[in-house]
Structure formats: C-alpha cells, structure tokens
Enquirer: 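Below: one structure in structure tokens.
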Amino acid sequence: MFLAWRDMLHAKGRFGLMALVVTLVAFLVVVLGGLIFGLIKDCVSALQQLPATHMAFENSTRPDYQNSMLDKETWEKWAGVPGVKATPIGHSLANARDAQGAPVDIAFWGVVPGSFAEPRVVEGQGLSAAPNAMVISRKIALDKHVKIGDTITIDRVLTEFKVVGITEAVAVSHAPVAYVPLRKWQEANYGPPGGAPPGDTLPEAIFTAATTIALAIDPDASVDIKAHDREIGTKTMTKEQSYDGTSGYSAEIFTVRLMQFFLIATCVVVLGAFFSIWTIQRTAEIGLVKALGADNGYLVRDALSQVLLVLVFATGIGVLAAFGTTSAFEARGSVFELTTGNVVGSSLLLIGAGLFGAMFALRRIVKIEPIIALGRDR
Amino acid sequence: MTLAAQNISLLLGDGEAQATILNNVNIHVSAGEMVAIMGPSGAGKSSLLAICGGLRRASSGSVTVGGVNLGDLSDSELARIRRQRIGFVFQQSNLVPSLTALDQLLLVAHLNGEGTHGKARTEALRLLAEVGMENRATRKPAQLSGGERQRVGIARALMGNPALLLVDEPTSMLDQGRGREIVELLAQQCHAHKVATVMVTHDASMVSVVDRVVKLVDGRVVSEGAPT
C-alpha cells in the first residue's frame, strides 16, 4: 500500500473519475438487482410461498400456468403415488370489481380448502369460512382498500365472492392473487355467466378441471417423476423451473439480467483499460522500483490493493446511493426489492469482475524489466 | 572485495546481427573505493553497470557482490540482492513522481520489509541532511531542481547501508558547477560510508575525485589507473 496510496493521492483526478464510473455502475447493478428481486416477487411470490416441491402441467412442449388443463383423474393418480401429496390448482388472470364497482385486476386462484395449497391467512378466516369465500393478497387490501366482508365480483361471469381473509402480499404475473375454493373457481371459469340458472345445478363435468397440480414430494421417497409423467400424461418440473410458465417472467428477468451482465462487462472492460493505461504510464516508475529491489509479488500486491481500494470505495458509495433511492422507488409503488443478500452478492460480483479486468494490467507489471531504470531499452 | 566482475562478455542479437557489447571485461572494487568507468558512447559502460547491478545477465563471466555470485541467483533473488546490497544513482535522478523526497528513501525501507516510521524515518532524515536536503524532505520531484533531485537520488541509494553504489551518468543533466558538486558529494559519501562505488561517466572533468579510472572502448578495457 506504500506506493499504491501515494500514487492514488498523486493522481486524484484520474482515480476520482474512475471511482465515479465504478460508483455509477455499482449503483445501477444494485438497482437492477433490486428490480430483478422485485420482478421475481411480483411474478412468482405466490408460487414461492406455496409449500410444494414440484408442479405438474398438461403434457406439452412448453407448459405454462395460463394454458395448461388437467382433469380430476390426473391429480387423483398423482395423489395415489406413495410419498407424494398432490392438490389441484386453478389459475387464471381476471378482471374483477369491488362493491363500489372499482376495477381490481387479480390472479384468480382456485385451491381446495384445507389442502396444503390453501394460503395462510394473516387476518380473518380461511377458505372454509363460506362457499363463496375469497382470501385476498394484502396488496389488494392496501392498494384497492378492500376489507374483510367486502364483495368482489368477477367481470363477465359475474360470480360474486365475499372477502373472508387476507394473506401475505403475494402475486403472480404482476397481479395480486385472490384465492377462492376450487369449485367456485371452476364454476367461474367453465360455468355459464352468473352461475347455474335458478333451480338448476351445474353439470359435474365442469368441476373436474384445473390448470396445474401442486406436488409435495417427500425427499426421502424415491419417486420416478418421469415414469409417473409418462403413465399419467403430465409434464412435471420443480417449482422453481415452473416460474418460467408464468406469463412475462422469463422475458422480464432475462432482460434485466442482460442489462446487469452488460453493466458488469462494461466494468470489467473499463477497469481493465484504465489500469492497463495506468500501468503503461507507470512503466518507467515500475522499472525503477524493480531496479531498487521490488520483486513482482510486491508490485502485484501493490497494484491489487490499488484496484481493491477503488472498487471497494466506489462500490460502497454506489450501494449507499442505491439504498438512498430505494425509498423513492418504494414510495412510487415500483416493483423493487433490495435485500441484504442481493446487495452483498451484486457488490461482490462487481468487485470480482473489476479484479478480473485489472488482471490484464497485472500481467503487464510482471513483464516490465528493471533495466529500463537505466534509461535504456525503453 | 565488494565487487568482482571477471571475464564479463555480453553478446546481443543473433546470427549475423550479433553484436559484442562487452568482451572479457574485469573490474574489482573494494569497500570505500570509488571507480569511474569512462569511454565514448556505445563503449558498453552502462551495460557493464547493469550487469554489476544484477539488472542484466552477462553472456559469460561472473559477478560477485559481497561474495554472492549473481549468476547463480533467480530473478527474485537478484531483486533481494539489489534492495539489500546495492544502491543505484540514475541518470536524470529517476525519482518516483508521487513520492516526496523523504518517501523516496522510505520506499527502500518498505521494500526491505521495514516499517516506515521510527528508525527508518530517522535514518532517512539523517541521509537527507547529509546531502543538504533536510529542508526539502516534503517536496515531490516536480518541486525540486535537477541538482536537488540528484541529491535525493544519492541519499536514496545510501538508504539501507548498501555495500555497492552504482552511479550512472550522474551529471549528464546538470551544468558544470552542479555536476561537480554532485560528484564531490558522491565521493564524500563513498568514503564516509565505506561503500564501493562505480560511476559511469563520459565527462573527463568529473573524475579527479575518484580513486581509479577504467577506460572502455568497444567493450574492452583499454586502460586502468589513477585519474590524471
């Protein structure tokens, strides 16, 4: 650090500019990281909190929550597999209205009351409280001021639900989730608008369909998922893999990750270029210090400490700035979530990438010959 | 014998382009002795200095500094010998631009793994005072004149009590008066610190203070003796 620190103080302007660039990159990387976590939360948080290990879909080349359709026989067969708990889930995106007629866009989920897919309520009662019960995401309660006891009507089909409970602020595909009993979901999705005609009942056939099956597979049970898929006619994947089956998830995460990747790649190139040029400018000085007796290890450690100082200092400022703007994002209700793990991970990634970029300069240091101190062979 | 260079030859290039820079050169310098190496441009003076200082390896022959054969050492061991036993005074002084005069000396202590406070600092300030630079200790090279920079270079070369001082054209960038002062200062320090000193110069007027003069022409020693 003896030379590194003094060199930095001597060339404050150049190092200040470099640190500013790294600060801006760090700020953007952390903000994009927050955006990714926010998007993940807004796209799949209802799936994340679902205590399932796998999800089974209709067998197709690219299963998704919106288009899959499974029958009762399918989930009963999965439920019969030893070591597997299975429960059907109905998923659709719907437009609804509250009692005042205000629009409420929801991810409309049908689950079997009492099954492991039923959400844990943080306020009010569960889905068994009434045949037309609805448990809503806290996000609906906060954003749309919907309270327990209010009525929610699904547009077009006009099925009415009574809000009996509130669960955590979960969402799917950017829509807050409203949970209802599976039978009412089937009625709303496959039955006639307004429900059964007075004095009539709906055919039992409409109550035999769902979009996906949540599977909780015992890790100690050796379940051959592929064999059961072939036998039952489903396509099963881990819960995490199934996130790609929610609309928009893959494209959104890919876009933001690509931006993050290019930012980090920019950091690698910029730092590599800066320290390479810096080393070229210091060639005579490095040759001199080698002539005075410094070995390559000393000079490489010295240069590394310089790179680390710039990276750690600038990344720290960038992260603080990102934290500072978090409140602004949250106040505007943006899809954004900054977690400690995310921030530490992004910061370490950036510092690692910066060090990688600077390695090119370190190679140059090793190649400089001490004889140039005599003013020859420059 | 502090420095013993025996049968030093240096060949550069390959095939027909090969040039003989040094041809069976012998030079011996004792502690407290100051030897000047003179000769025209291209005579091999600086190449000989580089080989004696472990900055370049000879094609043949051997160099021992304080009994250590430099030819047997790896690059990192050569670096250790340079920082522990050899002091360099370069042409144009060659100071690190970001370091103050004091830090130039403390860098040598730092390279030797010593702290830069306490004993090393006291030693550095004493050496700066010896070369008349105690009032310029906090100045950086850009704030010093050519003569002052060369004085700092001499003090830096003496930091850590080297056995051998190698001086490369110390007056080339100075006027006659300043150059004379620097060479006299070098001779004084050489005798005071009992350090074997080899000074390369092409300026005949600067050699009256040295103990011996070795003349090189086309890579060969053509004469050796007391200055005339």
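Every chain is numbered from 1, with letters handed out A, B, ... down the list of sequences.
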Enquirer: Roughly how far, to the nearest 0.5 Å, is NZ of A/K290 from CG of B/L55?
Expert: 11.5 Å
Enquirer: Of all heavy-atom pairs between B/A79 and A/A294, which one has the smallest distance, and what is that distance?
Expert: CB-O, 4.1 Å
Enquirer: Count the heavy atoms of every other residue, nucleotide or ligand shown that sit under 6.0 Å from CZ of A/R257, and state whether that count exceeds 12.
Expert: no
Enquirer: Within the supplied structure, the quantity of interest is the number of heavy atoms (other residues, nucleotides, ligands) at a distance under 6.0 Å from B/R220 CZ; does it exceed 12?
Expert: no
Enquirer: Assess whether atom CE of A/M259 is packed by more than 12 heavy atoms of other residues, nucleotides or ligands within 6.0 Å.
Expert: no
Enquirer: Picking from A/G297, A/A11, A/G293, A/P370, which has the most non-hydrogen pairs under 4.5 angstrom with chain B?
Expert: A/G293
Enquirer: Below 4.5 Å from any heavy atom of chain A, which atoms of B/T100 appear? Answer side chain, backbone, both or neither.
Expert: neither
Enquirer: Are any non-hydrogen side-chain atoms of B/R56 and A/L374 less than 4.5 angstrom apart?
Expert: no
Enquirer: Measuring heavy-atom distances to chain A, does B/D75 have an atom under 4.5 Å in its side chain, in its backbone, in both, or in neither?
Expert: neither
Enquirer: With distance as the sole test, does A/D295 use its side chain to make a donor-acceptor pair with the main-chain N or O of B/S76 at under 3.5 Å?
Expert: no
Enquirer: Mind checking whether B/L99 and A/L3 have side chains closer than 4.5 Å, heavy atoms only?
Expert: yes
Enquirer: Find the distance between NE2 (B/H110) and CG (A/D302) and round it off to the nearest 0.5 Å.
Expert: 8.0 Å
Enquirer: To the closest 0.5 Å, what do you measure between CG (A/L292) and CZ (B/R82)?
Expert: 9.0 Å
Enquirer: More than 12 foreign heavy atoms under 6.0 Å from CG of B/N112: is that the case here?
Expert: yes
Enquirer: For the interface with chain A, which of B/L49, B/V96, B/I86, B/D103 has the highest count of heavy-atom pairs at distances below 4.5 Å?
Expert: B/D103
Enquirer: Identify the heavy atoms of A/A373 and B/F90 that sit nearest to each other, and give their distance.
Expert: O-CD2, 3.4 Å
Enquirer: State the CD1-CG distance between A/I372 and B/N94, to the nearest 0.5 angstrom.
Expert: 8.5 Å
Enquirer: Around A/K239, counting heavy atoms of other residues, nucleotides and ligands shown, do more than 12 lie under 6.0 Å from its NZ?
Expert: yes
Enquirer: Do A/F2 and B/L106 touch side chain to side chain, with heavy atoms closer than 4.5 Å?
Expert: yes
Enquirer: For the NZ atom on A/K41, are there more than 12 heavy atoms of other groups (residues, nucleotides or ligands in this structure) within a distance under 6.0 Å?
Expert: no
